[in-house]
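Reviewing the structure listed below.
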Amino acid sequence: MIVLTGGAGFIGSAMLSRLNEAGYENIIVVDSLKSSSKWKNLQGKVFNDYLDKADLFSYLAHFDTVEAIIHMGACSSTTEMNADYLMDNNFKYSRRLAEWALEKGARFIYASSAATYGDGSNDYSDESVFGLRPLNMYGYSKQLMDEYVYRNRLETRLAGFKFFNVYGPNEYHKGSMKSVVYKSYHQIIAKGSVELFKSYHMDYSDGEQKRDFIYVKDVVEVLYKFLTKPEWNGIFNLGTGEARSWNDLVKAVFKALDLPAKINYIDMPDNLRGKYQYFTQANTEKLLSLTGYKMTSLEEGVRDYVINYLLKEDGNL
């Protein structure tokens with residue numbers, strides 16, 4: 001049996017699809033659906049049971065044998081201001097689940113975030129998790145889990161992944177946290193142009209702020225490889241290793257639609273200016289040394305997402 005938390009969410013549901021593709025069906029999906037439309041991400045997928053996240057530990061009390069826990073469930077909003085909520089969801093829940101998995105001998109894979117790196121002044125190396133300064137409480141809640149792993153010398157017994165900027169199908173429910181690919185596509189369809197934030201950093205022109213954009217299909221392929229390789233452990237950056245600008249990203253959307261690029265630069269909200277990452281780029285040496293996996297290029301990933309999912313009425317993975 002595999003327990004998949006966040007299984008109705010963006011990356012979790014994509015992972016569910018990948019597990020089904022590999023023949024896994026004895027899967028317990030854990031999430032908190034409430035009034036969200038993300039239940040649609042479960043349609044067409046095969047799993048044994050669904051649990052609300054509040055019921056998971058009482059459910060696990062009846063099991064001693066679980067093959068793996070893939071923990072993608074968390075609050076993913078980088079602008080969430082409720083620190084207690086983030087502590088409970090992103091740190092304490094993750095720590096408790098890791099402890100259960102390791103006690104029972106289950107494979108444990110969990111999601112961290114590149115938000116732990118803050119402004120990047122301490123580099124983007126995944127060789128150590130200490131000394132980082134996240135710019136927001138979301139990043140700090142993820143940082144606490146990574147530090148817990150290392151302080152208790154658990155990095156040789158589980159696998160954690162610092163996700164960089166993930167985009168792709170199944171993200172429609174994420175509100176303000178939807179990728180700029182998704183937002184750009186809908187802006188283009190609605191008005192023929194895209195809005196990007198102006199730069200407030202002297203080293204970056206408008207739209208030339210850079211991020212490491214990774215396609216969700218690559219993310220779940222890497223996670224699946226680690227599921228099948230229990231000897232692969234540690235905390236790893238999960239990005240492409242190549243920073244690209246917002247301008248590049250948006251132009252790729254226009255190109256996929258065979259339209260000329262039209263970009264307007266708007267003021268960044270005051271509450272974001274002091275917490276904005278102008279550059280992220282995963283150091284992927286540790287990951288590549290194990291997997292040798294070649295990531296999809298930005299242009300290829302965006303085109304696949306636009307043509308095969310966004311342009312379709314029911315474009316879920």
Side-chain angles (χ1 to χ4, degrees), residues 6 9-22 41 45 70 72 76 109 111-114 124 126 159-172 174 177-186 188 194 207 209-229 232 236-259 261 277 279-312 315-317:
F10 171 32
I11 298 173
S13 62
M15 189 65 202
L16 179 57
S17 180
R18 181 66 182 90
L19 290 171
N20 284 171
E21 181 185 324
N41 283 338
K45 298 177 177 66
I70 304 173
M72 299 292 108
S76 61
I109 295 171
S112 181
S113 172
Y124 293 95
D126 51 11
F161 295 90
K162 291 176 181 282
F163 295 150
F164 279 67
N165 283 67
V166 187
Y167 66 93
N170 297 20
E171 63 168 318
Y172 59 88
K174 289 177 63 65
M177 293 297 107
K178 291 191 288 280
S179 75
V180 171
V181 179
Y182 183 98
K183 293 177 181 178
S184 296
Y185 168 81
H186 286 281
I188 293 167
V194 172
Q209 307 97 315
K210 293 184 176 181
R211 300 290 175 88
D212 191 330
F213 303 105
I214 181 168
Y215 198 24
V216 71
K217 290 185 179 181
D218 289 331
V219 169
V220 299
E221 190 60 39
V222 170
L223 295 180
Y224 180 73
K225 287 180 180 294
F226 273 78
L227 175 66
T228 62
K229 295 283 188 179
W232 290 358
F236 300 84
N237 286 333
L238 189 41
T240 65
E242 180 181 7
R244 299 290 298 274
S245 71
W246 293 111
N247 286 332
D248 288 341
L249 184 78
V250 169
K251 288 175 181 177
V253 179
F254 277 106
K255 185 176 181 180
L257 292 168
D258 198 24
L259 292 171
Q277 289 178 305
F279 179 91
T280 67
Q281 180 172 281
N283 181 328
T284 59
E285 290 181 12
K286 189 164 72 170
L287 182 71
L288 288 176
S289 69
L290 285 177
T291 67
Y293 183 75
K294 180 176 173 56
M295 302 295 179
T296 306
S297 73
L298 178 64
E299 287 74 15
E300 292 170 336
V302 168
R303 181 171 181 79
D304 182 63
Y305 184 20
V306 171
I307 299 299
N308 294 315
Y309 299 95
L310 291 176
L311 280 171
K312 296 184 177 180
N316 288 1
L317 185 64

Donor-acceptor under 3.5 Å (N237 side chain, K162 main chain): no
pair K45-L19: side-chain heavy atoms closer than 4.5 Å: no
For the student: nearest non-hydrogen atoms of V220 and M15, plus distance: CG1-N, 3.5 Å
Minimum side-chain heavy-atom gap Y224-E21 below 4.5 Å: no
Atom pair CG (L310) and CG (D304), whose distance is rounded to the nearest 0.5 Å: 10.0 Å
Considering all heavy atoms, the nearest I307-A256 contact: CD1-O, 3.5 Å
Non-hydrogen side-chain atoms of Q277 and R211 separated by less than 4.5 Å: yes
Euclidean distance, I109 CD1 relative to W232 CH2, rounded to 0.5 Å: 11.0 Å
Side-chain heavy-atom pair V216, E171 within 4.5 angstrom cut-off: no
Y215 ring center near Y167 ring center (under 6.0 Å): yes
K174 side chain vs F10 backbone, donor-acceptor pair below 3.5 Å: no
CA sep, side-chain torsions, deciding dist, call: M72, F163, side-chain contact (heavy atoms from CB on, under 4.5 Å): CA-CA 11 Å; M72 299 292 108; F163 295 150; 3.8 Å; yes
Point-to-point distance, once rounded to the nearest 0.5 Å, from CZ of R303 to CG of L298: 13.5 Å
Check: D212 side chain, I214 main-chain N or O, donor-acceptor pair, under 3.5 Å: no
Main-chain N/O of V181 paired to S184 side chain as donor or acceptor, under 3.5 Å: no
Side-chain touch F161/V219, heavy atoms, less than 4.5 angstrom: no
Residue pair Y309 / N170, side-chain donor-acceptor N/O under 3.5 Å: no
Under 3.5 Å donor-acceptor, T284 side chain and L287 backbone: no
Option passing side-chain contact (heavy atoms from CB on, under 4.5 Å) with V302 (candidates L249, D248, T296): L249
Closest approach of S245 to G207 (non-hydrogen atoms, all atoms of both residues): CB-O, 3.5 Å
Test item: L238 and M295 side chains (from C-beta on) under 4.5 Å apart, heavy atoms: yes
Check: Y185 ring centre within less than 6.0 Å of Y305 ring centre: no
Flag side-chain contact, heavy atom, 4.5 Å: F213 against E242: no
Nearest heavy-atom neighbours spanning K251 and A261: CG-CB, 4.0 Å
Pairwise side-chain contact, I188 with L259, heavy-atom cut-off 4.5 Å (strictly under): yes
Gap between atom NZ of K294 and atom CG of D218 - 0.5 Å precision: 10.0 Å
Spacing of K210 atom NZ and N247 atom CG [to the nearest 0.5 Å]: 10.5 Å
Distance-minimising heavy-atom pair for N283 and E285: OD1-N, 3.2 Å
Atom NZ of K286: over 12 foreign heavy atoms under 6.0 Å: yes
Presence of salt bridge, K217 and E300, under 4.0 angstrom: no
